[in-house]
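Remarks on the structure that follows.
Note that the structure is predicted; figures quoted are calculated from it, not measured.
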Amino acid sequence: MNPDLRKKTFVYLIVRIAIINFVAAFLFFMSSAPNLSKTFFLGTLIGVNLLFLFSLALLHRLQSVKIFLYSHFFFDVFLITALSFFDGGVVDSDLPLLFYLIILAAGVFFYDRGSVLVATVVSLFYISSFVLLLTEQIPVRDVTGALMNPAATQEMAFLTLFINLVLFYIASYVISNLGMAYLKKGEEFEVQRILLDDIFENVTFSLFVFDHQGLLSRWNSLGEIFAGKRLKLGLPYAQVLPDEITIAMKKVYQHHVENYGDDLKRGQQSFNVQISAIRKNDNDMGYMVLVHDITARKALEEKLMEMDKLAYLGTLGAGMAHELRNPLASLYGSIQLLDERPFNEKDRHLYGLILREAERLNKIVTDFLDFVKGEQVEKKAVPIKELIREVILMLSVLTEKEIRLTGEPLFVVGDRNLLIQTFNNLIWNAVEASETTEGPVEVDIRDENGECCVEVRDTGIGMDPGELNHIFTPFYSKKKKGAGLGLAIVKKNIMNMDGHIEVESHKKKGTVMRIFLPGARTEIQ
């Protein structure tokens with residue numbers, strides 16, 4: 001049985017027994033001397049209370065309440081009819097007024113069909129008792145137990161009969177229509193509630209609603225995830241929201257600010273926060289907090305900014321290629337021609353210095369042009385572990401630092417040349433950063449949710465947060481002879497292959513670079 005219907009039925013039984021007890025007790029005490037009517041009223045009191053207790057016990061075991069309620073309605077009609085024969089008959093007694101309450105109850109529970117059915121049963125009992133009264137088939141008594149003369153009631157009996165029969169059905173019609181209107185309203189309300197619940201759960205942002213006292217009254221599943229704990233009704237906003245939003249909520253709550261909006265960052269995620277006061281007649285009725293995850297949007301904005309920078313540098317690089325490359329080639333060629341002339345030791349040293357600096361300048365220009373040029377990326381499935389093993393083999397000729405390679409033999413979707421350039425830069429940076437420290441450079445390959453993660457870890461000097469914010473900025477370098485383009489090229493290459501990079505570093509503890517690239521299941525030629 002529906003819990004709400006069970007509760008409604010229980011309330012009906014309580015109200016019903018209270019009314020019957022009141023009526024039967026009132027009739028019982030109307031006469032002080034013992035008589036048949038008084039005995040019947042006492043029997044009624046005992047009987048209906050026993051039936052009430054039995055009904056309560058039966059209610060919790062019922063699967064269907066329909067027959068249970070109809071049996072009570074029909075029993076009550078019979079009981080009122082019987083009582084009226086000990087209260088002067090259905091014409092003179094006021095007890096038939098209780099028939100309207102039974103019709104009302106039927107309309108509340110079963111709407112039009114129930115109220116019409118009970119009104120019909122009431123009419124049949126009323127007509128039957130009227131006929132029995134006038135034909136003197138059953139003796140009629142008053143509350144004192146004295147017999148009454150039916151002839152005294154015949155004058156207005158038929159008019160009373162007609163009026164009551166009409167009113168029974170009018171009451172049935174009114175109650176059924178009111179019940180159907182209430183049902184329709186309830187269904188509309190339920191549809192709106194389901195729709196609201198659906199909106200709450202399917203919006204793509206965390207949603208919290210607080211009452212005028214700042215206590216939690218509603219939230220969605222994303223809100224619970226954002227809060228990071230199990231929520232319950234009545235929690236104050238300071239226990240639900242993080243400190244950054246709590247401060248803003250406090251301003252809205254205490255200073256009656258209508259709307260507030262701002263962006264905040266938690267770890268690697270970015271969020272947009274909107275706080276709105278729900279107002280009516282300039283009074284705050286509650287507060288709504290919306291928290292939207294804008295991490296992807298921020299990442300896209302940063303990527304677009306990077307692309308704008310690259311476009312600008314590309315234009316600048318084209319001019320530099322024309323203005324610097326040709327004079328530099330001439331200068332470099334002329335210096336090499338000088339090698340044919342004899343030098344003393346001092347001049348030979350100066351010559352070597354000039355030649356090395358010319359080579360370094362040429363490398364800077366070449367790296368810069370590599371960084372800004374928009375070369376075509378040829379994406380194929382590349383065995384990343386084999387590729388990195390080749391890179392380590394080439395670098396091991398230049399250093400005695402141990403470089404360890406571990407992990408799974410995965411394939412990635414990328415450009416082989418860009419991958420070689422990328423990991424050559426990263427691994428060599430790790431080697432240079434850990435030259436003065438013990439411990440190897442470690443390269444680990446693993447699968448993370450369909451992406452290939454290549455982690456390059458060193459135990460070098462590390463970086464502080466201020467340095468981390470600039471390591472991918474072109475021409476930013478802490479090395480004495482660094483051009484500051486290596487990591488900028490790395491990031492550009494990874495972005496061109498639809499990947500991303502994460503950096504974790506601590507001063508004097510080392511650095512971890514994590515490169516995420518799209519995974520490939522099989523090799524594609």
Side-chain angles (χ1 to χ4, degrees), residues 1-27 40-41 43-87 89-90 93-132 138 161 163-183 186:
M1 186 195 301
N2 187 311
D4 290 337
L5 184 57
R6 189 189 299 274
K7 184 177 180 180
K8 193 194 299 187
T9 304
F10 177 77
V11 172
Y12 162 72
L13 291 177
I14 296 295
V15 173
R16 170 183 172 274
I17 194 63
I19 293 174
I20 293 176
N21 278 333
F22 174 78
V23 171
F26 177 79
L27 294 173
F40 184 78
F41 297 146
T44 299
L45 279 170
I46 297 172
V48 294
N49 281 282
L50 290 175
L51 180 62
F52 169 71
L53 296 175
F54 175 75
S55 298
L56 286 183
L58 188 62
L59 179 63
H60 296 285
R61 294 174 173 81
L62 287 176
Q63 295 299 319
S64 175
V65 76
K66 187 174 182 180
I67 298 176
F68 177 81
L69 285 170
Y70 272 123
S71 63
H72 277 74
F73 295 153
F74 298 154
F75 174 80
D76 290 346
V77 172
F78 172 78
L79 179 63
I80 292 170
T81 303
L83 287 172
S84 65
F85 278 95
F86 292 89
D87 187 37
V90 291
S93 175
D94 293 326
L95 291 177
L97 293 174
L98 296 177
F99 287 144
Y100 294 100
L101 294 181
I102 301 173
I103 296 172
L104 171 64
V108 169
F109 281 99
F110 301 116
Y111 307 110
D112 51 352
R113 291 184 180 181
S115 60
V116 170
L117 176 60
V118 171
T120 301
V121 172
V122 166
S123 299
L124 291 174
F125 270 81
Y126 191 73
I127 293 172
S128 299
S129 60
F130 181 81
V131 172
L132 292 173
I138 298 178
L161 173 67
I163 292 174
N164 278 311
L165 290 177
V166 172
L167 289 178
F168 288 154
Y169 282 99
I170 290 176
S172 168
Y173 176 78
V174 172
I175 293 302
S176 63
N177 277 275
L178 289 175
M180 291 301 294
Y182 175 79
L183 178 63

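The two residues G114 and A106 come nearest to each other via the heavy atoms O-CB, 3.6 Å. D87 and D94 make their closest contact through OD2-N, 4.0 Å (heavy atoms, listed as atom of the first residue, atom of the second, distance). Nearest heavy atom pair, residue S129 against residue T81, reads CB-CG2, 3.7 Å. Looking at every heavy atom in both residues, V118 comes nearest to F74 through CG2-CE2, 4.5 Å. Nearest heavy atom pair, residue I175 against residue G107, reads CG2-CA, 3.5 Å.
In this structure, the side chains of T120 and Y169 come closer than 4.5 Å at one or more pairs of heavy atoms. For the pair I103 and F73, the minimum side-chain heavy-atom distance is 4.5 Å or more. With contacts defined as side-chain heavy-atom distances shorter than 4.5 Å, the pair L27/T44 does not qualify. A 4.5 Å side-chain heavy-atom check between D76 and I20 finds at least one atom pair inside the cut-off. Within the 4.5 Å cutoff, no side-chain heavy atoms of F99 are placed close to those of S123.
With ring centers used as reference points, F168 lies under 6.0 Å from Y126. Checked against the 6.0 Å centroid threshold, F110 and Y70 count as a close aromatic pair.
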| task | Please lay out, stage by stage, how N21 and F52 fare under the test side chain to side chain contact (heavy atoms under 4.5 Å, CB included). | result | CA-CA 11 Å; N21 278 333; F52 169 71; over 6 Å; no

| request: Before giving the answer on side chain to side chain contact (heavy atoms under 4.5 Å, CB included), spell out for V122 and F125 the whole-Å C-alpha distance, their side-chain angles and the decisive distance to 0.1 Å. | output: CA-CA 5 Å; V122 166; F125 270 81; 5.9 Å; no

| F109/Y12 under ring-ring contact (aromatic ring centres under 6.0 Å, His included): CA gap, chis, key distance, verdict | CA-CA 10 Å; F109 281 99; Y12 162 72; 5.7 Å; yes

| message | Pair F86, S93 - check side chain to side chain contact (heavy atoms under 4.5 Å, CB included), show working. | response | CA-CA 9 Å; F86 292 89; S93 175; over 6 Å; no

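Between the CG atom in L104 and the OG atom in S176 there is a gap of 11.5 Å [rounded to 0.5 Å]. Once rounded to the nearest 0.5 Å, the distance linking CG of L59 with CZ of F54 reads 11.5 Å. Once rounded to the nearest 0.5 Å, the distance linking CD1 of I17 with NE2 of H72 reads 8.5 Å. Going from atom CG of L79 over to atom CG of L51 covers 9.5 Å, rounded to the nearest 0.5 Å. How far OG1 of T9 is from CD1 of I14: 12.0 Å, rounded to the nearest 0.5 Å. Atom CZ in F40 sits 11.0 Å away from atom CG in L45 (nearest 0.5 Å).
Other residues, nucleotides and ligands contribute over 12 non-hydrogen atoms within 6.0 Å of the CG atom of L53. Surrounding CZ of F26 are at most 12 heavy atoms belonging to other residues, nucleotides or ligands under 6.0 Å away.
With sequence neighbours excluded, no residue forms a ring pair (Phe, Tyr, Trp, His ring centres under 6.0 Å) with Y173.
S172 places a side-chain N or O within donor-acceptor distance of the main-chain N or O of S115, the cut-off being under 3.5 Å.
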